[in-house]
Amino acid sequence: MALAIYNTLSRQTEPFTPLVADHVSMYVCGPTVYSDAHIGHAMSAVVFDVVRRYLEWSGYTVRHVMNFTDVDDKIIRRANEQGRDPMELAESYTLAFLDQLGQLNVLPATAYPRVSTTIPQIIQFIEGLIAKDAAYHASNGDVYFRVRGDEDYGKLSRRAVDDMRSGARIAPDEAKADPLDFALWKAAKPGEPAWESPWGQGRPGWHIECSAMSLHELAEQIDIHGGGNDLIFPHHENEIAQTESLTGKNFAQIWMHNGMLQLAGEKMSKSLGNLITIDQFLSEHSADIMRLMVLSGSYRAPLVYNDEVLADTERKLERIMSAFKPAHGTTTSGAVVDTLTTIVAKAPADFRSAMDSDFNSAAALAVLFDLVRSINAARDAGVGGEPFDAAQARLRELAAVLGLRLEATSASKTDAAPFIELLIELRAELRKAKQWALSDLVRNRLSELDVQLEDGPSGTTWTTKG
RNA sequence: GGCGACAUAGCCAAGUGGUAAGGCAGUGGUCUGCAAAACCGCGAUCCAUGGGUUCGAAUCCCAUUGUCGCCUCCA
C-alpha cells in the first residue's frame with residue numbers, strides 16, 4: 001500500500017506520486033511576523049513537520065520551504081505604535097519563531113524565504129502577469145490581479161465569482177477595474193518600507209510573495225502546498241490564480257490544510273486575542289505534549305484545547321515513557337520473548353499502513369501504545385537483554401518519525417537531587433525496620449513537593465513532576 | 001445571506017459499505033507493608049435526529065437540528 005493524501009483541491013484522498021521520482025517539493029505558508037507566535041502556529045508547524053519526517057522516513061528527499069511574511073500592513077502599524085523600525089520588528093519575531101520551532105523539535109526547513117529578500121523575483125513575477133494581461137497597473141499606482149480574467153478562479157475554495165459580490169465585505173476601490181481584483185503591488189505611502197519597481201516606489205501585496213517564492217525556491221509545479229485551512233480563501237486561491245496564470249500549468253499537486261486549534265470552542269487567533277503563546281506553553285509543558293495533542297487526532301480536524309485534554313495528554317506521555325524503564329529480568333528466550341519479538345517485528349508495517357492513510361497519526365499512535373503495552377508486559381515477565389533493548393529501540397525509532405523526543409525528565413539534574421537521594425536512603429532504612437508511618441511520611445511530604453517515589457523490585461526510583 | 005467542513009462511550013479520538021482502534025478517566029483483580037507504576041479483566045447491541053438506497057451503513061443519498069471555519073488580517 002502506498003501513501004495517499006487528502007487533497008483540498010479535489011476534496012478526496014488521492015494516491016501520492018511525486019513529480020520527480022523520490023523527491024518531494026513542499027511549500028508551507030509561514031506566519032506574518034508582527035507578534036508572538038501562538039500554539040495554533042505550533043500546531044501547523046508540527047503537522048507539516050510530521051509530514052516531512054514521514055516522507056523522509058519513507059525514502060523521499062524532501063525540499064521543504066517555509067516563508068516569513070515580513071512586509072505587511074500589520075507589521076508597519078505595530079512598528080509605528082511602538083516607535084520601532086518595521087523591518088527590525090519583523091526580524092525579531094522571525095528569530096523568535098525560528099527558536100521556538102527548534103524547541104518544538106521541528107526540523108529546519110530547506111529554505112526560509114522572506115518578502116524582503118524576494119523583491120526582485122516578486123517584481124519579475126508581476127511583470128510576467130502584466131505582460132499576459134492577467135494584471136494591470138492602476139491609476140492609483142497599485143498593480144491588481146484581474147480575477148475575472150482567470151476562468152477557473154475559485155476552484156480551491158469552491159466559490160463562484162458571481163457569489164463574491166462586492167458587498168460590504170469587499171471595499172470597493174475606485175482604482176480597481178473590478179471590486180474582486182486584489183493587489184499584487186501597493187504604491188508606497190510615506191513612512192512605509194518601500195522598494196523601487198517599474199511602478200514606482202512600493203511593496204508587494206500579501207499573496208504574491210508565496211507564488212514568487214515557490215517558483216523561485218522550488219519550481220513552476222510542486223508536489224505539496226500546505227497551510228492552515230483559514231488560508232484556503234483568499235490566500236491560496238489567489239496563489240493558484242497568480243501562478244497558474246503565469247505558467248499556464250497546474251501549480252501544486254496536493255493542497256494540504258490543517259484544522260484550527262480551538263480554545264473554548266473558538267479558533268485561536270491573533271485577531272480574536274484568545275491566544276496562548278508558544279513561549280507560555282513551553283514554559284509549562286514539554287514539546288512532546290504539544291506534539292502528542294496534535295498527533296492524537298486528525299490534522300485536518302479542529303484540535304480541542306483545554307485543561308482536561310492537556311492533563312490527559314500529560315498522562316499519555318507518562319504512559320509512553322513507562323516503556324523506557326529498564327528491564328530487571330534477564331530472560332532472552334521463551335514464549336514471552338517470542339510474543340514481544342513478533343509485535344516488534346510487525347510494528348513498522350502497521351505504523352506505515354496508518355501513516356500512509358493521509359498521515360493517520362492517531363492510528364499510528366495506537367501502534368506505539370501496543371508496543372508500550374508489550375514492552376511493559378515483557379518486563380513484568382522478566383524479559384531483558386537484547387530482545388528487550390530491541391523493542392525499546394523500535395518504539396523510539398517510530399516515535400522519532402512523529403518527532404517525539406521521549407527524553408526522560410531530567411530529574412537527576414535538579415539541585416535537590418543529592419538531598420532526595422539521601423531521603424530515599426534514610427527511608428530505605430526505615431522500611432527495613434518496618435517503620436511504615438515514618439517512611440510513608442517521607443514519601444507523602446516529597447509528593448507534596450512534586451517528587452514522586454516508586455518502590456520497585458530493584459529499589460526506589462523517583463521522578464519530579466512538571 | 002453565500003460557500004465549506006464536522007456531529008462516534010464521562011472526556012479526547014480512529015474508523016468512509018461487512019458488523020465499533022487507541023488514550024484519559026472509572027471500576028474489579030495481580031503485585032506492594034501500604035501506595036505508586038506496571039500487568040490482566042470490565043465499558044458504546046450502537047455511531048446527532050428522521051427518511052431512503054443496499055443482502056448488509058457509523059460509513060452512500062435526501063431532509064432536519066447543532067457546532068466550527070471561510071467570505072476582512074489570520075497557521
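We use all heavy atoms of the structure for the numbers below, so side chains are in, but hydrogens, waters and symmetry mates are not. Letters go in sequence order (proteins before strands), and every chain restarts at 1.
- Residue contacts shown for H38(A) include a base, since a base heavy atom lies under 4.0 Å away.
- Between D162(A) atom CG and C3(B) atom C1' the separation is 14 Å, expressed in whole Å.
- Atom pair D370(A):CG and A14(B):P shows a separation of 17 Å (rounding to whole Å applied).
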Next item on the list: Report the C-alpha distance between N7(A) and W255(A) in whole Å, list the side-chain angles of each, state the deciding distance to 0.1 Å, and finish with yes or no for side-chain contact (heavy atoms from CB on, under 4.5 Å).
Entry: CA-CA 5 Å; N7(A) 189 354; W255(A) 286 85; 3.8 Å; yes
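- Stacking is not found between F369(A) and the pyrimidine-like six-membered ring of the G23(B) base under the 5.5 Å centre-distance and 30° plane-angle cut-offs.
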Heteroatom pairs (N/O) under 3.5 angstrom, protein to nucleotides 4-10 of chain B:
residue, atom, partner, partner atom, Å
G4(B), O2', R11(A), NH1, 3.0

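- Figure legend. C42(B) is base-paired to G26(B); pairs are counted as Watson-Crick or G-U wobble with both atom distances under 3.5 Å.
- Distance check on atom P: G26(B) versus C68(B) gives 30 Å, rounded to whole Å.
- Residue contacts shown for L292(A) are absent, as no nucleic acid heavy atom lies under 4.0 Å away.
- In this structure, K434(A) reaches neither bases nor backbone, as no heavy-atom distance under 4.0 Å exists between it and the strands shown.
- Not counting sequence neighbours, the partners of N80(A) by the side chain to side chain contact (heavy atoms under 4.5 Å, CB included) test are I76(A).
- Between H257(A) and H236(A), the angle of the ring planes lies from 30° to 60°, which puts this pair in the tilted group.
- Screening residues 27-51 of chain A for ring-ring contact (aromatic ring centres under 6.0 Å, His included), with sequence neighbours left out, gives Y27(A)-H225(A), H38(A)-H41(A).
- Note on R315(A): only backbone sugar-phosphate atoms sit closer than 4.0 angstrom, heavy atoms only; bases stay farther off.
- With both pairing distances under 3.5 Å, C68(B) is matched to G4(B) as a Watson-Crick or G-U wobble pair.
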Notebook entry, point to check: Can you list the steps and then say if T118(A) with E209(A) is a side chain to side chain donor-acceptor pair (under 3.5 Å)?
Noted result: CA-CA 7 Å; T118(A) 317; E209(A) 62 184 81; over 6 Å; no
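- Looking at heavy-atom distances under 4.0 Å, Q262(A) makes contact with sugar-phosphate atoms alone, never a base.
- Here L368(A) lies out of heavy-atom contact (under 4.0 Å) with every strand.
- One can place CG of L9(A) at 19 Å from P of C3(B), the figure rounded to the nearest angstrom.
- Contact annotation for M268(A): base contact, defined as any heavy-atom pair under 4.0 Å involving a base atom.
- Rounded to whole angstrom, the span from the CG atom of L231(A) across to the C1' atom of U72(B) amounts to 14 Å.
- A gap of 14 Å separates the C1' atoms of A58(B) and U45(B), to the nearest Å.
- A donor-acceptor contact under 3.5 angstrom links the side-chain atoms of D455(A) to the base of C34(B).
- For R373(A) against A38(B), a side-chain-to-base donor-acceptor contact under 3.5 Å is absent.
- Using N1 to N3 plus N6-O4 or O6-N4 for Watson-Crick, or N1-O2 and O6-N3 for G-U wobble, each under 3.5 Å, U16(B) pairs with nothing.
- The heavy-atom pair separating T332(A) from G384(A) by the smallest distance is CG2-O, 3.6 Å.
- A straight line from CG of N229(A) to P of A75(B) spans 12 Å, rounded to a whole angstrom.
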May I have the list of side-chain donor-acceptor pairs in residues 301-311 of chain A shorter than 3.5 Å, sequence neighbours left out?
residue, atom, partner, partner atom, Å
N306(A), OD1, E308(A), N, 3.0
N306(A), OD1, V309(A), N, 2.8

Side chains of residues 426-438 of chain A: which donor-acceptor partners sit under 3.5 Å, not counting sequence neighbours?
residue, atom, partner, partner atom, Å
R427(A), NE, S439(A), O, 2.9
R427(A), NH1, D455(A), OD1, 3.1
R427(A), NH2, D455(A), OD2, 2.9

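- Within 4.0 Å (heavy atoms only), N376(A) reaches sugar-phosphate atoms of the nucleic acid but no base atom.
- Counting non-hydrogen atoms under 4.0 angstrom, T32(A) reaches the backbone sugars and phosphates but no base.
- Base engagement by G40(A) is indicated by at least one non-hydrogen atom pair under 4.0 Å involving a base atom.
- The same atom, P, is picked in A7(B) and in A48(B); the two are 8 Å apart, to the nearest Å.
- Contacts of G30(A) with the nucleic acid, taken as non-hydrogen atoms under 4.0 Å apart, involve only primed sugar atoms and P, OP1 or OP2.
- With a 3.5 Å ceiling on both atom-pair distances, A35(B) lacks any Watson-Crick or G-U wobble partner.
- Distance CG (L156(A)) to P (C71(B)): 13 Å, rounded to an integer number of Å.
- Of the side-chain N and O atoms in K432(A), none sit less than 4.0 angstrom from OP1 or OP2 of G33(B).
- Shown here, A58(B) forms no base pair; nothing in the strands shown gives a Watson-Crick or G-U wobble contact with both key distances under 3.5 Å.
- Heavy atoms of T13(A) sit nowhere under 4.0 angstrom from any nucleic acid atom.
- Within 4.0 Å of A377(A), counting heavy atoms only, lie sugar-phosphate atoms of the nucleic acid but no base atom.
- The pairing partner recorded for A9(B) is none, the criterion being a Watson-Crick or G-U wobble arrangement whose two distances lie under 3.5 angstrom.
- Note on S296(A): only backbone sugar-phosphate atoms sit closer than 4.0 angstrom, heavy atoms only; bases stay farther off.
- The residue among E266(A) and A366(A) whose nearest nucleotide of RNA chain B lies closer to the 5′ end is A366(A).
- R373(A) and N376(A) are not linked by any side-chain donor-acceptor pair at a separation below 3.5 angstrom, with hydrogens and angles left out of the test.
- For the side chain to side chain contact (heavy atoms under 4.5 Å, CB included) test, residues two or more places apart in sequence or in another chain that qualify with E314(A) are H285(A), I289(A).
- Straight-line distance from the CG atom of N238(A) to the P atom of C71(B): 12 Å, rounded to whole Å.
- Of the C1' atoms belonging to G66(B) and U8(B), the separation is 16 Å, rounded to the nearest Å.
- Separating the CD atom of Q12(A) from the P atom of C60(B) is a distance of 12 Å, rounded to the nearest angstrom.
- Not one side-chain nitrogen or oxygen of R443(A) sits closer than 4.0 Å to the OP1 or OP2 atom of A37(B).
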